[in-house]
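If you're wondering where the values come from, they're calculated on a predicted model, not measured in any experiment. Read the numbers this way: they start at 1 and go in the same order the structure lists the ligands and their atoms. Numbering starts at 1 and runs along the sequence shown.
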Amino acid sequence: MIAVLKQNATNEQIENLTEWLEGRGLNVHLSRGEFHTILGLIGDTSKVDTELLEGLEMVESVKRISEPFKNANRQFHPDDSIIEVCGLKIGGPNFQIMAGPCSVESEEQIINIAKSVKAAGASILRGGAFKPRTSPYDFQGLRADGIELLLEAKKQTGMPIVTEIMNANHLDLFEQVDIIQVGARNMQNFELLKELGLCKKPILLKRGLANTIQELLMSAEYIIAGGNRNIILCERGIRTFETYSRNTLDISAVPILYGLTHLPVVVDPSHASGFARLVSPLALAATAAGAHGLMIEVHNDPVNAMCDGAQSLTPEEFTLVSQKVGRIREVL
Ligand code: PEP
Ligand code: MN
């Protein structure tokens, strides 16, 4: 980390600042130029509050040289992490499609959809049991019963399942779930992230609605710091001023994350767009951009879906998307 001091910084101020920084376990290298005095801070700067430093009277600017996320950083782990789920691999050259309804609604619905997405090339079944809804009056999911139905669908199709957790107190219910999803709204629920750090299950960590890429990586860092390195990141669109789509898919997040972290990145074009007709082009773009997988909402009767019907593909539409994604993968 580098701190550039103001031209009029006095020797006393510089000495006091150096002492304060050394008190935080850092080595301080002073470099006096003709116009600027620069302090090079060496050591573990992850605990240094850059805003606090920048706010000091004698400090002009502060620049981090190394990222505040260490464990998720590709610099310290150059090889792609590969996450294993029931014998399937995600990350590196391995690409997987997760598909299924926004929410589990009934046994017939989830089993029917599971069979059709599997036949169309999906390898992991998604389905919400605990649903984070904007309105308390909307369908909140079948909760524990929804997880039971997902497990039944897993039994009948052999597909591993991914479903969202909203409360660490529910962890017992997730014992047989293969991938635990942290939804966009909980990306910065740090107490939940800490609990998930203590379990060994793969975590699908979705980017928050208004969170930066660095914040997403810091949330992954929480889980790894607790001891769980099995993390799959998910770009699912962010809030912008645009209103023609539900969110704006930040496609550049895919190659940016690839450079910053060894963790696999999947893209959810369904929540990113909000409309079924946009899902195919975004899924293809994400695949071409280097995503390690996709998460796509599929419903056998989108018009009557209890949640997110407008963005849900029919099994037939999903089959076409899956085939096109396969063609893009061949080109890559
Ligand atoms: C979901 O996957 O069903 C979901 C609620 O997604 P997000 O958290 O990205 O909105
Ligand atoms: Mn949804």
Side-chain angles (χ1 to χ4, degrees), residues 96-105 109-110 113 117 122 124-136 138-143 146-147 149-150 161-167 170 174 177-189 192-193 196 202-213 215-216 219-220 231-240 245-251 253-254 257 265-276 278-279 282-283 286 291 293-314 318:
Q96 306 294 342
I97 303 183
M98 309 175 187
C102 180
S103 31
V104 180
E105 299 170 7
Q109 175 241 24
I110 191 68
I113 297 173
V117 295
I124 298 168
L125 177 66
R126 69 145 284 148
F130 291 89
K131 293 305 304 174
R133 304 304 300 275
T134 301
S135 167
D138 286 339
F139 176 57
Q140 303 287 308
L142 296 182
R143 302 170 71 86
I147 293 184
L149 295 180
L150 282 166
I161 54 173
V162 52
T163 192
E164 178 168 353
I165 192 164
M166 297 211 292
N167 186 333
H170 297 158
F174 284 70
V177 168
D178 302 296
I179 305 176
I180 302 181
Q181 173 174 326
V182 176
R185 289 152 191 83
N186 272 312
M187 188 203 88
Q188 286 193 316
N189 181 340
L192 176 61
L193 300 178
L196 295 174
I203 308 294
L204 179 81
L205 178 63
K206 296 186 100 177
R207 181 176 178 184
L209 277 69
N211 284 112
T212 62
I213 290 171
E215 285 164 344
L216 171 64
S219 291
I231 302 168
I232 304 157
L233 302 171
C234 179
E235 162 58 39
R236 46 77 74 204
I238 48 174
R239 278 241 169 120
T240 68
S245 53
R246 180 175 178 183
N247 292 293
T248 297
L249 178 60
D250 181 7
I251 201 83
V254 177
L257 282 166
V265 180
V266 305
V267 169
D268 170 351
S270 307
H271 291 89
S273 65
F275 295 102
L278 300 179
V279 170
L282 296 188
L294 296 167
M295 174 179 258
I296 298 180
E297 285 189 344
V298 179
H299 199 285
N300 51 343
D301 183 12
V303 178
N304 291 305
M306 298 184 86
C307 184
D308 286 349
Q311 67 194 31
S312 297
L313 300 184
T314 61
F318 174 70

- Query: What angle, in degrees and rounded to 10°, do you get at the Mn ion (ligand 2) when you join it to OE2 of E297 and to SG of C102?
  - Reply: 100°
- Query: H271: which N/O/S atom is nearest the Mn ion (ligand 2)?
  - Reply: NE2
- Short question: side chain of E297, backbone of A276 - any donor-acceptor pair under 3.5 Å? no
- Message: Can you confirm whether the side chains of D308 and H271 place a donor and an acceptor under 3.5 Å from each other?
- Response: yes
- Which residue supplies the protein heavy atom nearest to atom 5 (C) of ligand 1, what is that atom called, and how far is it? E164 OE1, 3.7 Å
- For atom 6 (O) of ligand 1, closest protein heavy-atom neighbour: K206 NZ, 2.9 Å
- Nearest neighbour in protein (non-hydrogen) for atom 9 (O) of ligand 1: R236 NE, 2.6 Å
- Query: Among protein heavy atoms, which lies nearest atom 4 (C) of ligand 1, and at what distance?
  - Reply: H271 NE2, 3.4 Å
- Restricting D308 to its N/O/S atoms, the closest one to the Mn ion (ligand 2) is OD2
- Task: Return yes if some donor-acceptor pair links the side-chain N/O of Q188 with the main-chain N/O of G208 below 3.5 Å, else return no.
- Result: no
- Message: I need the nearest protein heavy-atom contact for atom 8 (O) of ligand 1: residue, atom name and distance, please.
- Response: A184 N, 2.7 Å
- Message: I need the minimum non-hydrogen distance between L204 and V162, along with the two atoms involved.
- Response: CD2-CG2, 4.2 Å
- Which of the numbered atoms in ligand 1 are below 4.0 angstrom from a heavy atom of E297? 3 (O)
